[in-house]
Amino acid sequence: MTTGTNMSRDVADQQFMAQALELAQQGQGSVEPNPMVGCILVREGAVVGRGYHQRFGGPHAEVEALRDVGVDNASGVDAYVTLEPCCHHGKTGPCTQALIDAKVARVFIGCEDPNPSVAGEGIAALRQAGIDVVTGVLEEHARRLIAPFAKLIKARRPWVIAKWAMTLDGKIASATGSSKWISGESSRALVHQLRGRVDAILVGRRTAALDDPLLTARPAGPRVATRVVLDSTASLPTESKLVQSIDQAPLLVAATDQASAEQRRSLEDGGVEVLTLGGEQRGDQLTALLEELGKRQLTNLLVEGGSEVLGSLLDLRAIDEVHVFIAPKVLGGAGAPSPIGGAGIDDMTEALSLCEVQIRQLGEDVHVHGYPSV
Ligand code: AOF
Ligand code: ZN
């Protein structure tokens, strides 16, 4: 049975871990393909040091926090780290050694590091040095924070974020293709924030033709995403805004062997990279694309439509996170497209359902965010 004192002790531990998790989030968009990590140092119930992994290749959270308190003043502190401290020599030295050298008393950990060079060995190294280690503090939150990193490390594919905006009657454009704008300004601002922190943004050829989008983040975020168009024949016009804005962000056209050498060359002359995806079916080609993006260490992929691409991703069960914006507008029209095409799911009991759902109002729109349950 948990005693009263232990109970309040646990609550305090969770509160410190919650602070570390919040701190970690500040690295979002700057640390990938590394994980976001935060660290809080506590002495006698008071926070004395804070740190987070700020940018890829930079010092780890624990080192930042030790520097914050002063390495020589850290003896006897408790460290709250959202991720198991590393024990390997990467771009920086092992954090386990930094904590041991600083003589911290105890280490509280959110979740294990899925990186095979760490994977429990960091915890073991700390214990071996006689440090008290408590694992699994706010573990679900800690895992959620590093889910894209874990996906890239384990599946070698990016984390797929599907986004769409639709009317109350579930349309993403009118029957004639008009779609500007379904969602309001606040919703679009959130999409620009997403664009500014992901590694790549994917659209289908038809969406690129109909909307002629730029797919850049305005205002710019911490990261410039590579724009990707799924375009089997590489027929994206060189006059399109995507090609014309090549100096603002890289553009990758994911074609197949159906693309003529001439089409390729005209895009390549405009500074576009043209990729040839293997596979007969759309699904196989998309899988090949995800694998290629994973090889390039791209952690987060935002998919902005259209319904064919999102449909294929749903059919592949390849969607990891969903942002939907529902505008209080009605378009009607039997021929007006809905957000997700593809083969779809036959049985209602098999429908993709979201978990950890958050619903909020953004201007006049409703924003639904969640993760497909596995
Ligand atoms: C930690 N604290 O703040 C982070 C960790 O190439 P490096 O040296 O930056 O190491 C990257 C790996 O270290 C990364 O794959 C993950 O396993 C771990 N990240 N570990 O103790 C941190 N960012
Ligand atoms: Zn480290």
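If you read the sequence from its start, that first residue is 1, and numbering goes on from there. Both ligands and their constituent atoms are indexed starting at 1 by order of listing.
A salt bridge is defined here as a Lys NZ or Arg NE, NH1 or NH2 lying under 4.0 Å from an Asp or Glu carboxylate O, and Asp211 with Lys180 fails to meet this definition. Ion pair Glu64/Arg50 not flagged as a salt bridge, since none of the NZ, NE, NH1 or NH2 atoms sits closer than 4.0 Å to an Asp/Glu carboxylate oxygen. The pair Glu308-Arg205 does not meet the salt-bridge criterion, since no charged nitrogen lies less than 4.0 angstrom from a carboxylate oxygen. Taking the charged nitrogens against the carboxylate oxygens, Arg143 and Glu139 do have a contact shorter than 4.0 Å, which makes a salt bridge. Salt-bridge formation is not detected for the pair Glu291/Arg156: no Lys NZ or Arg NE/NH1/NH2 atom is positioned less than 4.0 Å from an Asp or Glu carboxylate oxygen. Salt-bridge check for Glu140 with Arg144: failed, with every basic side-chain N at 4.0 Å or more from each acidic carboxylate O.
For residues 95-152, the ring-ring contact (aromatic ring centres under 6.0 Å, His included) pairs, not counting sequence neighbours, are Tyr80-Phe108.
For Tyr371, the ring-ring contact (aromatic ring centres under 6.0 Å, His included) partners are His369, not counting sequence neighbours.
Listed as neighbours of ligand 1 are Asn34, Pro35, Val37, His53, His60, Ala61, Glu62, Glu84, Pro85, Cys86, His88, Gly90, Lys91, Thr92, Cys95, Asp113, Asn115, Phe149, each bearing a heavy atom under 4.0 Å from the ligand.
Checking side-chain atoms of Asp212 against main-chain N and O of Ser240 turns up no donor-acceptor pair under 3.5 Å.
If you count the protein N, O or S atoms nearer to the Zn ion (ligand 2) than 2.8 Å, you get 3.
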